[in-house]
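A short worksheet on the structure shown next.
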Amino acid sequence: MRTKIVAWCLMLIVGCTATLRAEDKLIPSGRAEEQYLKADVVLYFDGPDAIQIERPEGQREAFTLEVFTAKVAKATKERKLAVVIMSKVTRMWPDDKFKAAIDDLEARLKAQGFAKVAIHLASGTFPTPIYRE
């Protein structure tokens, strides 16, 4: 009986250790996650009439490209890094339209003084894949 209890306890410990290792692998890390977490502003772009600021917190209402500069200026103090997440809808646009939107967003953010702009693609997972840095 004692042998069975010891064996069961060992299996439990080994199982828990294996589970912890598997869970550690589920939490992705890397440059995309680091960019997202360190960004001074994270924008979600679902089209020129549906842009949202994800970070800093508390500014999730959608706005248009017409007020883009003012909204970003109001939301940020530091301007080291901006991350723009392109929605799945925008990724279905023709290539030239998609690239033009990215170029425009990047130019607007750089004109506001952002040292670096990273473009990520919405994917349903975190971190979002990097499209352009």
Side-chain angles (χ1 to χ4, degrees):
M1 180 71 169
R2 183 179 254 174
T3 306
K4 287 183 180 179
I5 293 173
V6 170
W8 184 81
C9 288
L10 284 173
M11 287 186 344
L12 182 63
I13 290 169
V14 170
C16 289
T17 303
T19 301
L20 289 174
R21 287 185 191 141
E23 287 177 3
D24 288 343
K25 292 178 184 177
L26 292 177
I27 301 171
S29 62
R31 204 168 65 248
E33 180 180 14
E34 184 178 326
Q35 286 177 346
Y36 183 89
L37 295 173
K38 288 186 176 182
D40 300 299
V41 67
V42 176
L43 300 160
Y44 185 81
F45 184 81
D46 199 25
D49 295 327
I51 306 165
Q52 294 180 1
I53 296 176
E54 282 193 11
R55 290 190 45 229
E57 303 288 326
Q59 302 178 32
R60 291 289 292 191
E61 64 183 61
F63 57 91
T64 66
L65 206 50
E66 292 173 356
V67 297
F68 182 86
T69 302
K71 288 281 190 178
V72 172
K74 185 178 178 182
T76 58
K77 292 178 184 167
E78 296 289 323
R79 303 237 165 92
K80 295 175 188 165
L81 172 63
V83 172
V84 179
I85 301 173
M86 302 298 287
S87 75
K88 290 181 180 181
V89 171
T90 62
R91 290 173 37 206
M92 297 179 74
W93 290 354
D95 284 346
D96 58 338
K97 181 179 178 181
F98 182 75
K99 288 177 183 175
I102 289 173
D103 291 342
D104 179 57
L105 292 167
E106 184 175 18
R108 288 172 188 260
L109 290 164
K110 292 238 174 170
Q112 283 190 278
F114 283 92
K116 184 174 181 180
V117 177
I119 308 297
H120 291 199
L121 302 175
S123 64
T125 62
F126 178 79
T128 52
I130 298 171
Y131 177 77
R132 183 195 293 179
E133 299 184 88

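Scope of the values below: all heavy atoms of this structure, side chains included, with no hydrogens, waters or symmetry mates. What you are looking at is a predicted structure, and each value in this text was computed from that prediction instead of being measured. Along the sequence shown, residues are numbered consecutively beginning with 1.
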Checklist entry - How many angstroms lie between atom CG of L109 and atom CZ of F114, to the nearest 0.5 angstrom? => result 6.0 Å
Next on the checklist: Just verifying a value: how many Å separate L43 CG and R55 CZ, rounded to the nearest 0.5 Å?
Outcome noted: 11.5 Å
Checklist entry - Which of parallel (below 30°), tilted (30 to 60°) and perpendicular (above 60°) describes F45 and W93? => result perpendicular
Item to check | Approximate separation, where rounding is to 0.5 Å, of E133 CD and E106 CD | outcome: 11.0 Å
Checklist entry - Going by heavy atoms in the side chains, are L65 and R108 under 4.5 Å from each other? => result yes
Checklist outcome for this item: On a heavy-atom basis, the closest approach of F98 and R91 is CE1-CG, 3.8 Å
Checklist outcome for this item: Closest heavy-atom pair, T128 versus S123, reported as atoms and distance to 0.1 Å, is CA-OG, 4.1 Å
Item to check | Considering all heavy atoms, the nearest A62-A50 contact | outcome: CB-CA, 4.4 Å
Checklist entry - Got K38 and K80 here, is their nearest side-chain heavy-atom distance under 4.5 Å? => result no
Item to check | Closest non-hydrogen atom pair between D40 and R79, with its separation | outcome: OD2-C, 3.7 Å
Next on the checklist: Testing the basics here: between I53 and A75, what is the closest heavy-atom pair and its distance to 0.1 Å?
Outcome noted: CD1-CB, 3.7 Å
Checklist entry - Roughly how far apart are I51 CD1 and I85 CD1, rounded to 0.5 Å? => result 13.5 Å
Next on the checklist: Tell me whether V117 shares a hydrophobic cluster with I130, the cluster being built from Ile, Leu, Val, Met, Phe, Trp, Tyr side chains joined at under 4.5 Å.
Outcome noted: no
Item to check | Separation of Y44 OH from T90 OG1 (nearest 0.5 Å) | outcome: 7.5 Å
Checklist entry - How far apart are the C-alpha atoms of T64 and V67, what are their side-chain angles, what is the distance that settles it, and do they pass the side chain to side chain contact (heavy atoms under 4.5 Å, CB included) test? => result CA-CA 6 Å; T64 66; V67 297; 4.0 Å; yes
Checklist entry - Can you find a heavy atom in the side chain of M86 that is under 4.5 Å from one in the side chain of R132? => result no
Checklist outcome for this item: Closest heavy-atom pair, S87 versus D46, reported as atoms and distance to 0.1 Å, is OG-OD1, 2.6 Å
Checklist entry - Salt-bridged, K99 to D103, with N to O below 4.0 Å? => result no
